[in-house]
Amino acid sequence: MPENTCAAQSQVAQAGDPSPQTCLQVARQAAILAGAAADDAMTAVCHARSGAATRLEAVMHAAHKNAVEAERHADRAEQYADDPAMPSSALLHCAREAVDRAVRAQSAAGVETTAADLRAELERQLTAAEYAEQESARRQEEAEQEAAERAATGMDRENRNRAAGNRYLAEGHVAELGWTAGHVRVLEAAESGRLYWRGGRARQAARPGAWDGGRRISRERTQALFAARFLVAVRQDDDTRVLTLSSMGQVALELARLHPAGLHADDRAAYEARFAQVRRRHKRRDDQKAAARLLRPLDSSARKLYRKPLLLTEQEGRAEHEAADRWEDEGGYCPGAGTPHPAACPVATAPVRIVLRLHRHTAMQPALW
């Protein structure tokens with residue numbers, strides 16, 4: 001085909017469509033692959049035994065039929081390419097039909113359908129403007145989806161991923177704790193700042209600081225959680241001990257809330273689960289029972305991997321607090337003085353800032369002596 005004919009058809013082709021040269025090359029390559037598949041089918045018939053000859057002949061005829069059609073579409077594509085008045089869409093149609101026939105021929109012959117790879121060369125390529133529009137629409141859709149997820153969860157993408165990771169941790173570690181819902185209630189009482197121990201009993205005070213009376217809390221569960229270091233005790237002047245969550249207890253409580261299905265139905269089921277865990281570590285039956293009565297600490301890997309997700313409101317509050325701290329560190333507002341500017345040498349101001357920060361921190365510490 002003359003080159004000027006291809007050039008003329010390239011001008012009328014829709015922007016982004018494959019060029020006439022590409023259509024011709026793909027159509028001819030498809031015809032070659034279809035012919036090769038038909039030849040393979042015929043060779044199989046020639047070497048077949050009498051019992052399989054009938055089936056292989058049907059395969060050969062099907063492959064040959066599709067190979068002839070692929071060749072016909074390839075020839076027609078060359079004819080269309082020689083006609084300047086023929087639209088490029090007709091050439092593209094012939095190339096696609098040739099590829100389809102080649103795939104059918106290879107499939108009928110039972111060989112690998114490599115002709116299917118030719119379809120990618122006929123896919124319409126986006127223009128720069130179309131690509132930019134598509135990207136803009138994609139970013140708009142992502143922004144809308146992100147806004148919807150933030151409204152539903154109150155968290156950004158990073159913290160949603162963090163929350164998902166925490167749920168995965170919970171599914172793997174909560175059941176190993178050997179807890180019931182009663183253990184969670186004890187930790188929730190400690191989290192409220194109202195759990196205390198006095199006179200051999202655990203109670204939840206009506207309000208923080210009122211260490212007298214209140215609702216009774218399971219003594220056995222409280223002792224077991226304290227022994228496993230999920231709880232820590234702070235002694236008061238009247239020999240009352242206020243029980244609060246340890247860092248491990250806080251993580252364990254969060255995981256138990258994320259996966260309540262990992263909690264056992266009752267104390268008996270929880271004991272049996274702990275007994276099954278310690279059975280291989282102790283030979284004597286009494287040692288096994290004693291170990292099963294104790295709670296296991298949370299796995300160290302869970303403690304390291306757990307990251308508390310932050311809500312958007314918490315992030316905003318933290319940012320405001322940090323901004324206020326920086327403003328105080330730099331001297332705050334002074335009437336009659338101009339807005340402070342960074343010094344020429346940042347190193348010179350560093351010791352002053354450190355002294356101010358240490359002074360403020362020291363003033364906030366409670367007196368323990």
Side-chain angles (χ1 to χ4, degrees), residues 154-155 159 162-163 165-264 267 270-271 273-274 293-311 313-315 317-318 321 361 364-366 368:
M155 292 182 287
N159 284 279
R162 184 177 295 178
N166 291 340
R167 288 192 294 271
Y168 178 79
L169 278 178
E171 293 174 1
H173 294 280
V174 170
E176 295 180 355
L177 293 172
W179 287 5
T180 65
H183 292 89
V184 175
R185 288 194 294 270
V186 173
L187 293 185
E188 288 177 339
E191 185 184 39
S192 69
R194 295 183 289 148
L195 180 64
Y196 71 97
W197 181 276
R198 192 170 72 176
R201 296 183 180 277
R203 293 180 180 271
Q204 183 176 0
R207 62 182 183 278
W211 312 124
D212 187 16
R215 183 170 62 89
R216 288 189 179 184
I217 300 295
S218 171
R219 172 180 176 175
E220 292 75 14
R221 297 191 186 104
T222 303
Q223 287 179 322
L225 289 168
F226 178 77
R229 299 187 179 182
F230 292 103
L231 295 172
V232 293
V234 179
R235 187 183 296 274
Q236 306 297 304
D237 294 337
D238 58 353
D239 204 28
T240 299
R241 295 186 180 183
V242 179
L243 301 175
T244 59
L245 293 176
S246 65
S247 58
M248 180 178 67
Q250 184 65 59
V251 174
L253 176 58
E254 295 294 339
L255 294 180
R257 286 169 171 168
L258 291 174
H259 187 56
L263 301 175
H264 298 281
D267 290 328
Y271 172 81
R274 296 194 299 268
R293 284 191 289 268
L294 302 177
L295 296 181
R296 295 181 56 186
L298 181 64
D299 189 88
S300 59
S301 63
R303 281 178 271 172
K304 294 177 181 178
L305 293 175
Y306 177 83
R307 294 292 182 273
K308 182 177 177 58
L310 295 178
L311 298 175
T313 54
E314 294 175 332
Q315 292 180 353
R318 177 177 294 184
H321 181 72
H361 179 72
M364 296 172 61
Q365 294 298 315
L368 299 177

Roughly how far apart are [X] [atom1] and [Y] [atom2], rounded to 0.5 Å?
{"X": "Leu245", "Y": "Glu254", "atom1": "CG", "atom2": "CD", "value": "9.0 Å"}
{"X": "His173", "Y": "Leu298", "atom1": "NE2", "atom2": "CG", "value": "7.0 Å"}
{"X": "Arg235", "Y": "Asp239", "atom1": "CZ", "atom2": "CG", "value": "5.0 Å"}
{"X": "Ser247", "Y": "Arg229", "atom1": "OG", "atom2": "CZ", "value": "11.0 Å"}
{"X": "Arg162", "Y": "Tyr306", "atom1": "CZ", "atom2": "OH", "value": "9.5 Å"}

Contacts under 3.5 angstrom, residues 174-187 side chains, donor-acceptor by atom type, not counting sequence neighbours:
| from | atom 1 | to | atom 2 | distance (Å) |
| --- | --- | --- | --- | --- |
| Thr180 | OG1 | Gly182 | N | 3.2 |
| Thr180 | OG1 | His183 | ND1 | 3.2 |
| His183 | ND1 | Thr180 | N | 3.1 |

So which heavy atom on [X] is nearest to which on [Y], and how close?
{"X": "Ala228", "Y": "Met248", "value": "O-CE, 3.2 Å"}
{"X": "Glu314", "Y": "Pro309", "value": "OE1-O, 4.1 Å"}
{"X": "Glu188", "Y": "Leu253", "value": "CG-CD1, 4.0 Å"}
{"X": "Leu231", "Y": "Phe226", "value": "O-CD1, 3.5 Å"}

Donor-acceptor pairs under 3.5 Å, side chain of residues 201-208 to any protein atom, not counting sequence neighbours: which ones?
| from | atom 1 | to | atom 2 | distance (Å) |
| --- | --- | --- | --- | --- |
| Arg203 | NH1 | Gly214 | O | 3.1 |
| Gln204 | OE1 | Arg215 | NH2 | 2.6 |

State whether the side chain of [X] and the backbone N or O of [Y] hold a donor-acceptor pair below 3.5 Å, judged by distance alone.
{"X": "Thr222", "Y": "Ser218", "value": "yes"}
{"X": "Ser246", "Y": "Phe230", "value": "yes"}
{"X": "Asn166", "Y": "Arg307", "value": "yes"}

Measure the shortest side-chain to side-chain distance between [X] and [Y] over non-hydrogen atoms and say whether it is less than 4.5 angstrom.
{"X": "Asp267", "Y": "Glu220", "answer": "no"}
{"X": "Leu255", "Y": "His259", "answer": "no"}
{"X": "Asp212", "Y": "Arg198", "answer": "yes"}
{"X": "Arg194", "Y": "Val242", "answer": "no"}
{"X": "Tyr196", "Y": "Arg241", "answer": "no"}

Residues forming a salt bridge (charged side-chain N to carboxylate O under 4.0 Å, His left out) with Asp299, sequence neighbours excluded:
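Salt bridge (charged side-chain N to carboxylate O under 4.0 Å, His left out) check on Asp299 returns nothing, list empty.
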Evaluate the side chain to side chain contact (heavy atoms under 4.5 Å, CB included) criterion for residues Gln315 and Asn159: first the C-alpha distance (whole Å), next the side-chain angles of each, then the deciding distance (0.1 Å), finally the verdict.
CA-CA 11 Å; Gln315 292 180 353; Asn159 284 279; 2.7 Å; yes
Are the charged groups of Arg257 and Glu191 less than 4.0 angstrom apart, N to O?
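Yes, charged N to carboxylate O under 4.0 Å.
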